[in-house]
Every structure is written in C-alpha cells, then in structure tokens.
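See structure below.
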Amino acid sequence: MEMDIESQLKLQAFLDGELPESDTREVANWVARDKEATALLGELRNTRQALAGAEGVMTLPESREFFWSKVRRDIERQEPRPVAEARKPSLLVQWRRLLVSAGAAAGVILVALLAVGPLGAGPSESESSMADPGAFTYRDYKAQATLVWLSYPAEKEIADGDAADILQ
Amino acid sequence: MRFKLFLATLLTWAGVAGVMALAAEPGKGRPLKFEIQLLWGTNDPESPDPKHKPVDAEVAKKLKQLPLKWSHYFVVNKKSLQTTAGAETKEALSEKCAIEVKDLGKSLFEITLIGKGEKVVKRTQSLPVGEIVVIGGNAPGETSWLVVIKRTE
C-alpha cells in the first residue's frame, strides 16, 4: 500500500522536529511499526544530509581587498560632497561679494554723514584784537548781530588830537 | 537680482562721494555778497553833514538791540563786497579804514578791520545771510564810529 502525501509530510515534519510532542510520539511509534515509513524517513534523512554537505563555498572573482575597495568607492560616490570643496567662486563673484559688503559699509557711512553733518571740526569762532587789549565782544543771537567794541584806536587818537578825521 | 544689487551698491557709493564732496566744500563756486557800511552814531537827530543819510531800518533795528547808547546812526560810506568760496577780499571804506573778508568755508568768515594800514581786529565767526557784525569805537563829541558788515547773499 502506497503512503499518502499527508503521511509523507508528517514524516518530513517529524524529521525536522516541527511536530508537537504528542504527534512526535505517535509518528515515532508509527515509524517503529511500519517499514515503509522507516524507509522513507531514512531516505529523507540521507537527502537532508546530502544537501547540507553539498553547500559549496562561494569564491570571489577578485581579491578581497579589491572587492572592498570597490564597495568603498561606491559609498563615497553616493555621499554628497562638502559645499566648500564643491566649487571655488570665480574672481568676478568674489569681487562682487566684496563690493556688496563694501556697499553696505558705505550705506552706514552715508547715514552717519547725513546724521552728523559736515566732515571735520574746521575753524571755530574766535577773535583777536591786534591793537586793542581793551576790546570786548557782544553777540545777540536773537537780533543776529555781533558787536565788537574797540577802545583803540579811536580814543587813543582822540587823546593825541588826531581824531577829527577818523571817519573820513 | 545680482545686477540690481550691484547697481544699488554703486549708487550708494556715489551718494557717499556726493555727501563727502558737499561736506568738504559746501557752496563752492557761489558768490558771497556783503554790504559794508561806515556809520556815525550820535544822539542828534540830524547829521551836520547833509550827505549823511540815516541807516536803513533793518540795520537800525539790529543796532538798537545791541548795548549801544546812541539813538541815531548815519551812513558815512556804503560799499558792496563780493567774494568767492575760499577767497579773501578787501574793500576800503575811507582813506584810513578798510574791511577784509575771507571765506573759511562752512559759513565761517574771517573779518578783519584795517585801520591806517594795520590790522586792528580780526574776528572769525559764522555769518548767515542777514546777520551783521558791527565793529565800532568812540568818536569825538560823545559820538561813535561803526563799521557794519552784513551778509546779503
């Protein structure tokens, strides 16, 4: 009598240790009683051993170092490069950047100049009386008038009797 | 976009250059005009010299606001003086009296009174249009002489 598929699969599962404990005992008893089952189990076991021993070692067509160097090159090719090394800006671009920075600085200077006013301190208001140490100055900002009053030469010339023609 | 930025930078620099030029020498090339007068101050309502005319009302008003004791001022001589930025100009008001005006820039002027050929007093001050500088002294008979420098332009 030929063994059905289900029984054959059960034997395969038994061999692989995939059956529950109760089934394992039942199959073990069955194998012990049935010669056909014993023969099939023996054949399956031999086949498995043959397959396990037949897994050959895979060998690379190139050396180990060369293989891994190719892997490393592939990884490096796929990684993005740093921006700074990517492209050096041209002289015109660098010049333009400098000019823009300088323009910003010029804007600041322009604002400062407009806010502060004319450059430099320049000459300031002063007075020097060369011949009259007794001179005095009065300035009325409201009237927009400045008075410089001299005691010399008029009074001196009056004393010397030389003032008659002082105005003419 | 970049061209606009470039243009804006150039315009900014041009603005800076313009402001610096104006700040360095504002009003360069424009004529600077002055009116100089030799006055006689007295308390008499009329001058003994019929050629003397009363000073104009504007100057008379300014003189009244100064600490001067005279009530009437007569014009002995009147001249116009014109100079340019940075220049020095001299104008005689009488045989013995002259005025020298030098532009120092930025509305500052050096005004020098010359008497009998010698520099008597030199004053440096700002002188906006309409403002006056009066240089004076006592004269015989409790009168006075005054030189009025007024910037007109």
Side-chain angles (χ1 to χ4, degrees), chain A residues 93 95-96 98-114 116-132 134-158 161-168, chain B residues 2 5-6 8-13 15-16 19-20 22-24 26 38-40 59 61-68 76-77 94-97 104-106 108 110-111 113 115-116 118-128 130-140 144-146 148:
Chain A
V93 172
W95 206 191
R96 194 183 305 164
L98 179 70
L99 206 60
V100 169
S101 305
V108 173
I109 293 168
L110 180 63
V111 170
L113 283 174
L114 290 173
V116 172
L119 291 173
S124 57
E125 294 193 0
S126 65
E127 184 181 301
S128 57
S129 301
M130 286 105 173
D132 189 1
F136 77 89
T137 302
Y138 171 86
R139 188 166 191 184
D140 190 322
Y141 288 93
K142 191 179 174 186
Q144 290 188 299
T146 303
L147 174 66
V148 180
W149 199 251
L150 304 174
S151 59
Y152 178 91
E155 286 191 334
K156 185 174 183 299
E157 288 180 350
I158 292 166
D162 190 26
D165 59 347
I166 191 165
L167 298 177
Q168 300 296 330
Chain B
R2 286 185 174 180
L5 193 63
F6 184 73
T9 306
L10 283 180
L11 286 173
T12 308
W13 272 112
V16 170
V19 169
M20 289 181 83
L22 285 174
L38 179 61
L39 306 182
W40 180 55
V59 172
K61 185 183 174 186
K62 288 182 186 292
L63 291 175
K64 286 202 185 301
Q65 290 176 278
L66 293 174
L68 296 170
V76 178
N77 198 3
S94 71
E95 287 180 12
K96 297 179 180 179
C97 174
L104 301 177
K106 299 165 192 166
L108 272 177
E110 185 182 273
I111 298 163
L113 173 70
K116 292 185 176 177
E118 291 185 4
K119 292 181 178 180
V120 177
V121 66
K122 183 167 73 178
R123 178 162 178 80
T124 302
Q125 73 164 69
S126 61
L127 196 63
E131 189 160 337
I132 64 168
V133 172
V134 181
I135 302 171
N138 292 313
S144 62
W145 62 272
L146 301 105
V148 177

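Only this structure's heavy atoms are used, side chains among them; waters, hydrogens and symmetry mates stay out. Note that the structure is a prediction, hence the values are computed from the model and not measured.
In this structure, I111(B) and V148(A) have side chains that are not in contact, with every pair of non-hydrogen atoms separated by 4.5 Å or more. Residues V134(B) and W149(A) fail the side-chain proximity criterion, which asks for heavy atoms closer than 4.5 Å.
The contact between L68(B) and chain A is made entirely by side chain atoms (from C-beta outward), counting heavy-atom distances below 4.5 Å. Using a 4.5 Å cut-off between heavy atoms, A105(A) makes no contact with chain B at all.
T137(A) contributes atom OG1, which lies 5.0 Å from atom CZ of R123(B) (distance to the nearest 0.5 angstrom).
Between Q65(B) and D140(A), the closest heavy-atom pair is O-OD2, 3.5 Å. Closest approach of K62(B) and A145(A) over heavy atoms only: CB-CB, 4.4 Å.
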